[in-house]
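So the structure is just underneath, and the comments pick up after that.
Because only heavy atoms are used, hydrogens play no part in the values below, and waters and symmetry mates are left out as well, while side chains stay in. Count residues from 1 along the sequence. What you see is a predicted model; the values in this text were computed from it and never measured.
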Amino acid sequence: FRKPQKSYELLTQALELDPNFVPAHIILTSVCLHLEKDEEAMKHAEKAIEISPDSADAYLAKADVMTVLENQEETLALLKTAAEKDPENPYIQLEIGDLLMEMGGQIDASRKHFEAAATLDPYNIAVLSRRVELELRAGKPTSAQKLIETESVRFDGHLGLPKLVQRIETFYRKCQR
């Protein structure tokens, strides 16, 4: 947010006009986190869930708050609920996979979510990047290299692909030492 205070004021005004406007609550959650108003952010995320319990975005907003509060277990539960609400969203699968890796390197569980994201959005370079990173963290640079080779056709000409290849080569050299 370039002007978080102004965003906060405008969204607060919008909620005065319509207290049940879910997008305002969701965006205000992010703005409040940016302004380090964690308790208020939580209130807006919870209100969004109360108003629209089938909204994946509402659960994602609360997951953002729980991330800031460093509650990984609750964040994971919220992300899983968001995935149930929006099973076609590859971003949620990526977030779950990232969190599982962060929570102690749950490689197989992370792989499952990254592969689900790849199925949902096979042309997303971020998905490929996460899958490659997972193989590197698992100590499998050859698997990472094979993944790049088999998937690179989809990303021919993408600016991110050479960086991925470079990361694999660097990691592979370190492993050989």
Side-chain angles (χ1 to χ4, degrees), residues 1-2 22-23 26-27 29-31 33-34 41 45 48-49 52-176:
F1 298 96
R2 289 191 307 186
V22 174
I26 291 170
I27 297 168
T29 299
S30 294
V31 171
L33 287 174
H34 189 80
I49 291 170
S52 186
D54 291 328
S55 167
D57 290 334
Y59 291 94
L60 290 173
K62 188 171 179 182
D64 288 343
V65 177
M66 297 312 293
T67 297
V68 168
L69 297 176
E70 299 180 2
N71 187 332
Q72 291 180 325
E73 293 296 330
E74 182 66 18
T75 300
L76 182 59
L78 289 161
L79 289 172
K80 287 181 177 182
T81 300
E84 290 171 11
K85 304 295 181 185
D86 188 359
E88 301 297 313
N89 188 329
Y91 167 77
I92 298 170
Q93 296 298 327
L94 281 178
E95 289 294 309
I96 294 171
D98 285 343
L99 183 57
L100 288 168
M101 277 201 321
E102 187 180 311
M103 290 174 71
Q106 298 180 38
I107 301 295
D108 291 335
S110 295
R111 184 178 287 116
K112 175 185 146 202
H113 289 283
F114 291 153
E115 288 173 358
T119 300
L120 293 168
D121 189 358
Y123 295 96
N124 186 329
I125 193 80
V127 173
L128 177 60
S129 176
R130 298 300 207 305
R131 293 173 69 202
V132 168
E133 181 180 345
L134 176 87
E135 296 306 326
L136 294 174
R137 285 188 182 194
K140 299 180 178 181
T142 305
S143 295
Q145 184 68 40
K146 284 181 184 176
L147 192 55
I148 288 286
E149 289 168 3
T150 59
E151 301 289 329
S152 64
V153 173
R154 289 189 202 144
F155 300 100
D156 190 33
H158 193 287
L159 297 176
L161 189 59
K163 287 189 178 240
L164 277 177
V165 172
Q166 183 181 21
R167 282 177 57 201
I168 292 169
E169 290 169 351
T170 301
F171 187 83
Y172 190 72
R173 281 193 297 274
K174 286 180 182 177
C175 288
Q176 289 182 324

Inset, instruction - Answer yes or no: does atom CD of Glu70 have more than 12 heavy-atom neighbours from other residues, nucleotides or ligands under 6.0 Å? - result: no
Inset, instruction - Check Ala144 against Leu136 and note the closest heavy-atom contact, atom names and distance. - result: CB-CD2, 3.8 Å
Inset, instruction - Check whether any side-chain heavy atom of Thr81 sits under 4.5 Å from a side-chain heavy atom of Leu78, and report yes or no. - result: no
Inset, instruction - Working to the nearest 0.5 Å, report the span between OG1 of Thr67 and CG of Leu99. - result: 6.5 Å
Inset, instruction - Name all pairs fulfilling the side-chain hydrogen bond (donor to acceptor under 3.5 Å, both in side chains) condition that reach into residues 89-108, sequence neighbours left out, sorted by first residue then second. - result: Gln72-Glu102, Asp86-Asn89, Gln93-His113, Asp98-Arg130, Asp108-Arg111
Legend entry - Spatial distance of atom OG1 (Thr119) from atom CD (Glu88) [nearest 0.5 Å]: 10.5 Å
Legend entry - Backbone N/O of Ile49 and side chain of Ser52: donor-acceptor pair under 3.5 Å: no
Legend entry - Salt bridge flag under 4.0 Å for residues Glu135 and Arg131: no
Legend entry - Gap separating the NZ atom of Lys140 from the CG atom of Leu134, nearest 0.5 angstrom: 8.5 Å
Inset, instruction - Measure the spacing between OH of Tyr59 and CG of Asp54 and express it to the nearest 0.5 Å. - result: 7.0 Å
Inset, instruction - Would you check if Lys80 and Ile96 make a side-chain contact, meaning some heavy-atom pair closer than 4.5 Å? - result: yes
Inset, instruction - Check whether more than 12 heavy atoms from other residues, nucleotides or ligands sit under 6.0 Å from atom NZ of Lys112, and answer yes or no. - result: no
Inset, instruction - State, yes or no, whether a side-chain contact exists between Thr75 and Leu79 at a heavy-atom distance under 4.5 Å. - result: yes
